[in-house]
Amino acid sequence: MTASANDAPDPHVLVLFGGTGDLAARKLLPGLLHLAAAGLMPEDWRLIGSGRHAPDGAWPPGEEWEPHRDRVSFVTSSADDGEDLGRAVQEARQALGETSRTLFYMSVPPSAMEPMVEMLDAVDGLADERSRIVMEKPFGSDLASAKHLNKSVHKVFDEEQVFRIDHFLGKEAAQDILALRFANGLLEPIWNRRHVAMVQVDVPETLGLEGRASFYEETGAFRDMVVTHLAQIMGFVAMDAPASLDPKDLHDAKAKAFAHLRPFTRDDAVYGQWTGYREEDGVDPSSETETFVALRAWIDAERWQDVPFLLRTGKKMAQDRRVVTVTLRDSAHVDLLPRAEPHERPNEVVFELEDDPKILIEVRVKAPGPALEVTPAALRLDVERALGGGGLEAYERLLHDVMLGDRLLFTRGDEIELLWERAAPLLAEPPEILPYEPGSWGPGAADALAASDGPGWRLPDDTSA
Ligand code: BG6
């Protein structure tokens, strides 16, 4: 049985592969410290960092770790050498006692995942029935590699022990999509093609490579963001109500939506590369890696027939935003009242997936004054301001969930295989890569893609403040 969010996790040995990497430094290590400060770590725990090379100096770096020094250590390991790590994990497990668990966090590139899983199997003292594995996205790099990886993982771990992480699902506001949809008579009845004209999942980033050239050259925007984060969020928007909040029911509902996805093709996609990308350190001067994708997806289920799902993301763009927009069809009586601004957008339900989430419902209201005409305005909910903070950052939330064995906000192997399968035609025949200026909204063709179905991209807007 899954523990509830208020239970204390069992004692844990956390093994962090990629312990000196970017994700560990930016998210995982600060996240663990925050969980400790919030009293959400197990009563007793150990953290073992691992990687091919020992770090220079103390690990984890930073004074904030001083109170935890006797719990933390670093042991080198590689796909063909895990003996020292096996001994270290065994010792730590003995110290924590019989109820302890091991959590392997694989913060390694897709190509390193499988050899590392085989190592966990081969070395004594690592994987057992009380251990769990967290696998970073992208899970594989196409259908064949994802299937292969699923098979290899299942040789060592039962599916119940496997946590494929997609941290966008851990964002507070991603869960608000579920809360708003299913807990409100205001929205649930209109969440279908009769009332919804278009859906957008739009994640422009101002960041560039941030020292991740080798990962990014191997991955590109489609694999890094679209088939992973953006598709998962689309799943939350598109799925039918799950039978319950049991992880199996939620995963079934999401997989069913993905099963109705029409295969992605180049006719519905725009790829871009920022001008100057090829001159970045570590990038092939003739690189064909896409740093921008706009994709129009279709879900051929009764609920969504002919409703475009527009997904867009890119590096070095004009803004950092993570916005889900559900554009509603106009009221049949929209022309009854004159409009102060004839070209305003239709009603929209907007989720800003920030750590400090915001939800907007764009409506038309009477413009103050003597005339009976309407003007756009937003019903705006600033969740933190209205309800108080205290939410966990996505990675913290998900690390805590893994320690409790709660799989709800993780992804299941079959969902991922379905997404790769639908992506296959686009991976085989991607569109031409168009240049775009850093600081822009990507190639103009992406605007044309969105505008052919209605009012175009919601962003840039003026409601982010
Ligand atoms: C990661 C991607 O998974 O998500 C990065 O690898 C991206 O390229 C990041 O920048 C965005 O995450 P967040 O939480 O900052 O929106």
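Remember, it's 1-based here, ligands and their atoms both numbered in the order they're listed. In what follows, every heavy atom counts, from backbone to side chain, and hydrogens, waters and symmetry copies are set aside.
Ranking the protein heavy atoms by distance from atom 11 (C) of ligand 1 puts Glu205 OE2, 3.5 Å first.
Closest approach of Asp268 to Leu449, counting heavy atoms only: O-CD2, 3.8 Å. Shortest non-hydrogen contact noted between Ala173 and Pro357 is CB-CB, 3.4 Å.
Each of the following atoms of ligand 1 lies closer than 4.0 Å to a heavy atom of Asp224: 2 (C), 5 (C), 6 (O), 8 (O). Listed by number with element, the atoms of ligand 1 under 4.0 Å from a non-hydrogen atom of Leu207 are 10 (O). Every atom of ligand 1 with a heavy atom of Arg212 under 4.0 Å away is listed here by number and element: 2 (C), 5 (C), 6 (O), 8 (O). For ligand 1, the atoms sitting less than 4.0 Å from at least one non-hydrogen atom of His229 are 1 (C), 3 (O), 4 (O), numbered in the order shown with element in parentheses. Heavy-atom proximity to Lys137, at under 4.0 Å, picks out these atoms of ligand 1: 1 (C), 2 (C), 3 (O), 6 (O). For ligand 1, the atoms closer than 4.0 angstrom to any heavy atom of Lys315 are 5 (C), 7 (C), 8 (O), 10 (O). The Phe168 neighbourhood of ligand 1 comprises atoms 12 (O), 16 (O), with distances under 4.0 Å to a heavy atom of that residue.
Under the salt bridge (Lys or Arg N to Asp or Glu O under 4.0 Å) criterion, Glu415 pairs with Lys254, not counting sequence neighbours.
Remark: Arg385 CZ to Lys358 NZ distance equals 7.5 Å, nearest 0.5 Å.
Among His167, Glu136, Arg322, the residue whose heavy atom lies closest to atom 12 (O) of ligand 1 is His167.
Using a 4.5 Å heavy-atom threshold, the side chains of Arg212 and Asp224 count as touching.
For residues 50-64, the side-chain hydrogen bond (donor to acceptor under 3.5 Å, both in side chains) pairs, not counting sequence neighbours, are Ser50-Ser77.
A donor-acceptor contact under 3.5 angstrom links the side chains of Tyr277 and Glu217, judged on distance only.
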